[in-house]
Amino acid sequence: MNYTYKNIWLINFPVMMSILIEQLINITDAMFLGHVGDIELGASALAGIWYLTVYMFGFGFSLGIQVVVARRNGEGHYTETGKTFFQGLLFLSVLAIVLCALSKILSPIILNRMIKSDEIYRAVIDYLDWRIWGLLFSFPFLALRSFLVGITHTTALNTSALVAVFVNIVGNWLLIFILNMGITGAAMASSFAEMCSLVALTVHVLHRHYRHVYGLRCQFDKDILLHVCRISVWSMLHSFISVAPWFMFFVAVEHLGEQQLAVANILRSISTLFFVIVNSFASTTCSLVSNSIGSNGQEHLFRICGKVIRLGYCIGLPLIVIAMIFHKTVIGFYTDNQTIIQAAWSPCVIMLLNYVFALPGYVYMNAVTGTGATRTAFIFQTVTIIAYLSYLWGISHWDVPLAVYWTVEYLFVICLGLQSVIYLKLKKQQYNQIS
């Protein structure tokens, strides 16, 4: 398969919109809560990262589903493609129930030991009490998205994204300001938005030709489920540990004070836009590489990655320039506090420029995943996390500004990219194996 820039973009754009669902929910929450108070804004950062850390178990497993679905689709085994999707849907639905129960029990115990401020701790728990139920909707949604991305039919993801954003904005306005429910209202609106998005995508899949072509029906196949689990467990673990350090980052920043935590949350929210672009292109790379190898086109791997990276720069770099020029306006969406706006400038520049390294880092990492080497990707992630946490631990012992904390992201993405490129160049003969 020789994908053109147009083909890559047509596949990627709906993926970008679907990933934007979860992130726009966090952005909307931050924007509304920023006008409630600094405590609520800071608490939503910690709670949002905690939720995202749990969410990444499902997201990582869905990447494994996507790899197998794309490979079977590339091979032309369409019935097997449908069976793979259903095994993934079953597993993720059960996983969502288990993680919801564990989070309700363990979150208060763990967070109480890690968060210094009592006010922020109480606000975090108030948010998570309702937000965690969103897993019951977001995990099945991830299974549906993996199926559509794996077969490169991604247009329906646009509609589901718009539904989620609209519902969340209206819900936040109504519950936070009209009903005065504060941070609890933001959590309720977010979970309800994820439910509506799931409904929209389910209706699309059930009313299209997918059921006939891919034999979509409720069926249990132990062998396929075990195969998907063997591939997905590594991508699940490496997705989890890729976000878990973000929580440690915000715990470290929380000790700098409530105002610095509020600044960090604003910057995290702004960086979300670029996170979405990077991850959508990375996810698209995973699917394109797996489809290409399935049709014996492994020689196109680096060509696909190169095109994806160039296209990603064309989309992201102009947005970075705009964000720098109008940084006061952008930050002003979150807060009217001039002290926070001024304090955010230096770390904002460092955060934005990281995109230059993050895009190739994640694209090549997901190319490794697309070859089926999910265990190798997990090992790379683990090595990188160790370096990340060591760096973060080191600077936390010095009196350094928030901008210095943000440089740890450069270390993270550069390490990922270097390890991935070296592996891809050395292991070409193993591209055709899902292991």
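Note that the structure is predicted; figures quoted are calculated from it, not measured.
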_Backbone N/O of Leu99 and side chain of Ser103: donor-acceptor pair under 3.5 Å_ = no
_So Ile65 and Phe91, do their side chains get closer than 4.5 Å, heavy atoms only?_
no
*Could you check Arg145, Met16, His204 and say which one makes a side chain to side chain contact (heavy atoms under 4.5 Å, CB included) with Leu157?*
Arg145
*In terms of ring plane angle, is the pair Tyr364 and Phe302 parallel, tilted or perpendicular, where the classes change at 30° and 60°?*
tilted
*Between Leu301 and Cys305, is any pair of side-chain heavy atoms under 4.5 Å apart?*
yes
*Examine distances only and state if a side-chain atom of Arg71 and a backbone atom of Gly370 form a donor-acceptor pair shorter than 3.5 Å.*
yes
*Check Ile105 against Ile109 and note the closest heavy-atom contact, atom names and distance.*
O-CD1, 3.6 Å
*Backbone N/O of Ser62 and side chain of Ser146: donor-acceptor pair under 3.5 Å*: yes
*Can you tell me how far CD1 of Ile125 sits from CH2 of Trp50, rounded to the nearest 0.5 angstrom?*
8.5 Å
*asked:* Before you tell me yes or no, could you show the steps for Trp398 and Val404 under side-chain contact (heavy atoms from CB on, under 4.5 Å), namely the whole-Å CA-CA distance, both residues' side-chain angles and the distance that decides it to 0.1 Å?
replied: CA-CA 10 Å; Trp398 295 83; Val404 175; over 6 Å; no
_Show every salt bridge (charged side-chain N to carboxylate O under 4.0 Å, His left out) that has at least one partner inside residues 98-110, sequence neighbours left out._
Lys104-Asp129
*Taking atom CZ of Phe192 as the centre, report whether more than 12 heavy atoms of other residues, nucleotides or ligands fall under 6.0 Å from it.*
no
*Give a yes or no on whether the backbone of Ser197 and the side-chain of Ser160 come within a donor-acceptor separation of less than 3.5 Å.*
no
*Less than 4.5 Å apart, any side-chain heavy atom of Leu311 and any of Asn12?*
no
*Not counting sequence neighbours, which residues clear side chain to side chain donor-acceptor pair (under 3.5 Å) with Arg122? List them please.*
none
_Suppose we screen for salt bridge (charged side-chain N to carboxylate O under 4.0 Å, His left out). Which residues come up paired with Lys328, at least two apart in sequence or across chains?_
none
For residues 412-422, please give each side-chain donor-acceptor pair under 3.5 Å, one per line with the distance, not counting sequence neighbours.
{"from": "Gln419", "atom 1": "NE2", "to": "Phe380", "atom 2": "O", "distance (Å)": "3.4"}
{"from": "Gln419", "atom 1": "NE2", "to": "Thr384", "atom 2": "OG1", "distance (Å)": "3.0"}
{"from": "Gln419", "atom 1": "NE2", "to": "Cys415", "atom 2": "O", "distance (Å)": "3.1"}
{"from": "Ser420", "atom 1": "OG", "to": "Leu416", "atom 2": "O", "distance (Å)": "2.8"}

*From Thr284 OG1 over to Ile304 CD1, what is the distance, rounded to the nearest 0.5 angstrom?*
11.5 Å
_Could you measure the distance from the OG atom of Ser287 to the CG atom of Leu63? Nearest 0.5 Å is fine._
10.5 Å
*Can you tell me if Ser290 uses its side chain to pair, donor with acceptor, with the backbone of Val67 under 3.5 Å?*
yes
_Holding to ring-ring contact (aromatic ring centres under 6.0 Å, His included), I want the full list of residues that pass it with Phe147, two or more places apart in sequence or in another chain._
Phe85, Tyr210, Tyr214
*Would you call the rings of Tyr51 and Tyr55 parallel, tilted or perpendicular if under 30° counts as parallel and over 60° as perpendicular?*
parallel
*State whether the side chain of Ser191 and the backbone N or O of Trp130 hold a donor-acceptor pair below 3.5 Å, judged by distance alone.*
yes
*For side-chain contact (heavy atoms from CB on, under 4.5 Å), just list the numbers for Thr407 and Tyr391, CA-CA rounded to whole Å, side-chain angles, deciding distance to a tenth of an Å, and then say yes or no.*
CA-CA 10 Å; Thr407 60; Tyr391 182 89; 2.7 Å; yes
*Could you state the interatomic distance from CD1 (Ile266) to OG (Ser271), rounded to the nearest 0.5 Å?*
12.0 Å
*Report yes or no: do Tyr362 and Thr285 form a side-chain donor-acceptor pair below 3.5 Å?*
no
Donor-acceptor list for residues 168-184 side chains, cut-off 3.5 Å, not counting sequence neighbours:
{"from": "Asn168", "atom 1": "OD1", "to": "Asn172", "atom 2": "ND2", "distance (Å)": "3.1"}
{"from": "Asn168", "atom 1": "OD1", "to": "Ser190", "atom 2": "N", "distance (Å)": "3.3"}
{"from": "Asn168", "atom 1": "OD1", "to": "Ser190", "atom 2": "OG", "distance (Å)": "3.4"}
{"from": "Asn168", "atom 1": "ND2", "to": "Ile25", "atom 2": "O", "distance (Å)": "3.4"}
{"from": "Asn172", "atom 1": "ND2", "to": "Asp29", "atom 2": "OD1", "distance (Å)": "3.1"}
{"from": "Asn172", "atom 1": "ND2", "to": "Asn168", "atom 2": "O", "distance (Å)": "2.8"}

*Just how far is it from atom CG of Leu353 to atom CH2 of Trp406, taken to the nearest 0.5 Å?*
13.5 Å
*For Leu267 against Met351, the heavy-atom pair lying closest together*: O-CE, 3.7 Å
*Of the options Thr84, Val149, Leu142, Leu148, which is the one that meets Gln66 in a side chain to side chain contact (heavy atoms under 4.5 Å, CB included)?*
Val149
*Residue pair Val205, Thr202: steps toward the side-chain contact (heavy atoms from CB on, under 4.5 Å) verdict*: CA-CA 5 Å; Val205 171; Thr202 301; over 6 Å; no
*Count the heavy atoms of every other residue, nucleotide or ligand shown that sit under 6.0 Å from OH of Tyr5, and state whether that count exceeds 12.*
yes
*Under 3.5 Å, is there a donor-acceptor pair between the side chain of Ser283 and the main chain of Asn279?*
no
*Is there a donor-acceptor contact under 3.5 Å from the side chain of Asn366 to the main chain of Cys286?*
no
*Which is it for Ile320 and Leu317 under the side-chain contact (heavy atoms from CB on, under 4.5 Å) test, yes or no, and what are the steps along the way?*
CA-CA 5 Å; Ile320 290 174; Leu317 293 181; 4.0 Å; yes
*Do Met236 and Phe378 come close enough that some side-chain heavy atom pair is under 4.5 Å?*
no
*Is there a donor-acceptor pair closer than 3.5 Å between any side-chain N or O of Tyr313 and the backbone N or O of Val356?*
yes
*Trp345, CH2: over 12 other non-hydrogen atoms inside 6.0 angstrom*: yes
